[in-house]
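Okay, structure first, notes after.
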2 protein chains.
Amino acid sequence: MARGSTRPTSRDVAQAAGVSQAAVSLVLGDKWRGRVSETTAERVREAARELGYRPNLAARNLRLGRTRTVLLVVPALTTEFFAGVYTGAARVAAEHGFGVVLYPSPEGVGPARDPFASAQAALDGVIASSMAADALSAIRGDQLPLVMLDSDPSGSLGVATVNLDITDGVRQVAEHLLGLGHRRFLHLAADVPSWTFEVRARELAVRVGEVPGTSLRTAHAPISIEGALAAAEAALAAPGPGPTALVCDDDKLAAGAYKALRRLGLRVPDDVSVTGLDDLALATAIDPELTTVRLDAELFGERGMQALLAVLEGRTPEAGDIPVELIVRGSTGPPRAS
Amino acid sequence: MARGSTRPTSRDVAQAAGVSQAAVSLVLGDKWRGRVSETTAERVREAARELGYRPNLAARNLRLGRTRTVLLVVPALTTEFFAGVYTGAARVAAEHGFGVVLYPSPEGVGPARDPFASAQAALDGVIASSMAADALSAIRGDQLPLVMLDSDPSGSLGVATVNLDITDGVRQVAEHLLGLGHRRFLHLAADVPSWTFEVRARELAVRVGEVPGTSLRTAHAPISIEGALAAAEAALAAPGPGPTALVCDDDKLAAGAYKALRRLGLRVPDDVSVTGLDDLALATAIDPELTTVRLDAELFGERGMQALLAVLEGRTPEAGDIPVELIVRGSTGPPRAS
DNA sequence: CACTTGAAGTGTTACGTATAACGCCCTCCG
DNA sequence: CGGAGGGCGTTATACGTAACACTTCAAGTG
């Protein structure tokens, strides 16, 4: 009540409790093991509660030289997947008293060229998806602790990296489809530079190539339903025997492929089997439900945040890729006997 | 090069340029109209560039007593809609040199009860969706400038509110379906407290009630495909003549309704017409494509941020609800002649 | 009794920035 | 020739916190 309308400071609390400001800082910071008596400590806490005291974070950050805030750089957030990554990262961050601020790449957020300008907070570290490559150069400038998501682990030496076990995901898909008897494949690939998609293309070629008498073609499409529809329709119209299995780099691509197949009068899975990647809500909305590789986006974010916390504390981040799981639903079956 | 590894401060720049720290602050802050010569200013800018100087945001925030950072409180972010709201808000914020930090409600982010603990940044204001009601009490405590999204405008007096024109959306849907000849309606309502859904239920009853010989039943479901499937199946199994039109509070509900109808052997739109709300990617992925009311989530976020900026500057926020638009696709048609 | 030890605090400083208040020099005008 | 004023900067200070170094006092120790 003393000062009027400005927020109370630790000095106000000190005055109210009849102690020095330093004592308030010690008590509220839980650093008073043997330095302040229990009764005094309680008096301080009481005064703080009374005044509704909240520490001024800007002042604390300045004093400590760190902010307990990290930046998460992702492509446009309007994808379920990256929303999940954020959620996981934010959960782990909150458990450790950290905050997460987002930098969705420029297309989503407008003219800001500088990631740090849009994040008004001072930062302790950065987690960046390789899909937001356009922002990376600016980030490299400052030598903040950095964790990369979805990036060539041998590429950026010395930078901690967290990846999904894409190789294993491809293995599961390939074994599933080859086991059903499929031999002619079309890979509907995402038209986006990304380590995940690179690995997928390479591994898929390897796995399919291991079996004699197989063929693999590739079509590229932007990650959207309409884009996939157009690309799939064009690819399926090519001369020669059509594919019996369509391997898509994203559930949205699979949804577009469904529409292309329907237009061409082909049925899923009777005429063509389809697989996706991600396991979005979409996957169970479409008919038949989509066989897809589930990526645990939240776990991805959690692991990314844990890795960054490790780096910040000077520890070595946990190694090992994040497991993925093939979810078999109704969009895959044995190929037509032909 | 002088100090080693710590980041350069404005004093370092000053020394390099041979001026005082104050001059650096003036030049880099564009406050030097007639106070510093052009040549000196250029020398300062050059030195800053040379040293890779970046102002310490924590220090600036402390000095100025504001942070140019606002908090956006939303329900779990893993919905396309709120991701869009964030994107729009962040875009407008960036244009005005502001940052946005998120507080997805606790279920998404874990044990943190205090929204301000998870947002380590000091805040200038808050934008809150009424759907994240659990966090609101904590927010009211601090009297930060507040803008509510999707809230009863007459309820929280004195608090700026931004809403979608839900009333008009219902009008468009009702006119469309009534015009096609539908008379028996089932409202598949979202099982979430929200101003939007309240208004929808009320307005739908009014619109349908205006026409003689109509009936309207209501079923509630959580916003998920499986939840909607179960609720719709139960509601459709009720005795008596079934509805010819299903009005859903969310595209996901509509997707679940599709599945329920398919199980019951009913076809869309031949047997039953279906409408949604949101126009998510989902809407064009399912077959037939969904007739739905498009909500411009990004515009919603933009308007929210603009309103908050207005409040922060002491202006009156722009009034008027955000227009919504009925997108007619293949899921609605005339009812069966019966 | 002289000395150490530990508890319980306090005084002071620094973090890096923005800005109000103040100087100095030169020119111009009465 | 004196003083007013503009151009060009500088000095000093405050923002709120955390932490180090220091003081005081009572109890323990040989």
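Here is the naming used below: chain letters follow the sequence lines, and residue numbers restart at 1 for every chain. Keep in mind that this is a model prediction, so the values were computed, not measured.
Taking the salt bridge (Lys or Arg N to Asp or Glu O under 4.0 Å) definition, one finds that A:E46 meets it with A:R49, sequence neighbours left out. Residues forming a side-chain hydrogen bond (donor to acceptor under 3.5 Å, both in side chains) with B:T196 (at least two apart in sequence, or on another chain): B:D150. Considering only residues two or more places apart in sequence or on other chains, B:A59 meets the side chain to side chain contact (heavy atoms under 4.5 Å, CB included) condition with A:L62, B:N56. For A:Q21, the side chain to side chain contact (heavy atoms under 4.5 Å, CB included) partners are A:S10, A:R11, A:A14, A:S25, not counting sequence neighbours. For B:S37, the side-chain hydrogen bond (donor to acceptor under 3.5 Å, both in side chains) test picks out B:T39, B:T40, with sequence neighbours left out. A:E42 is linked by a side-chain hydrogen bond (donor to acceptor under 3.5 Å, both in side chains) to A:R45, counting only residues two or more places apart in sequence or in another chain. Contacts of B:E50 classified as side-chain hydrogen bond (donor to acceptor under 3.5 Å, both in side chains), with partners at least two apart in sequence or in another chain: none.
Rounded to whole Å, atom P of C:dA8 lies 13 Å from atom CZ of A:R43. Taking atom CG on B:N56 and atom C1' on D:dT17, their separation rounds to 14 Å, with Å as the unit. In this structure, the CG atom of A:D12 is 13 Å from the C1' atom of D:dT17, given to the nearest Å. The distance from atom CZ of A:R60 to atom P of C:dT17 is 21 Å, rounded to the nearest whole Å. Rounding to whole angstrom units, CZ of residue A:R7 and P of D:dC15 are separated by 15 Å. Put simply, CG on B:L62 is 14 Å from P on C:dC15, counting in whole angstrom units. One can place CD of A:Q15 at 15 Å from C1' of C:dT10, the figure rounded to the nearest angstrom. Following rounding to the nearest Å, A:R66 (CZ) and D:dA19 (C1') show an atom-to-atom distance of 13 Å.
In this structure, A:R11 does not reach the D:dT17 phosphate: none of its side-chain N or O atoms is under 4.0 Å from OP1 or OP2. Side-chain nitrogen and oxygen atoms of A:S10 include at least one within less than 4.0 Å of the OP1 or OP2 phosphate oxygen of D:dT17. Checking the phosphate oxygens (OP1, OP2) of D:dT10, a side-chain nitrogen or oxygen of B:S20 falls inside 4.0 Å.
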Contacts under 3.5 Å, N or O only, protein and nucleotides 20-28 of chain C:
unit_1: C:dA21; atom_1: N6; unit_2: B:R35; atom_2: NH2; d: 3.1

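Residue-level contact check: B:L64 touches the backbone only, with heavy atoms under 4.0 Å from sugar-phosphate atoms and none from bases. Looking at heavy-atom distances under 4.0 Å, A:S37 makes contact with sugar-phosphate atoms alone, never a base.
Of the two residues near DNA chain D, B:Q21 and B:A59, the one whose nearest nucleotide lies more 5' is B:Q21.
Residues from residues 24-34 of chain B with heavy atoms under 4.0 angstrom of DNA chain C, sorted by number: B:S25.
There is no side-chain donor-acceptor pair under 3.5 Å between B:T67 and B:N61.
Of the residues B:L309, B:V92, B:L308, B:T69, the one that meets the side-chain contact (heavy atoms from CB on, under 4.5 Å) test with B:F98 is B:L309.
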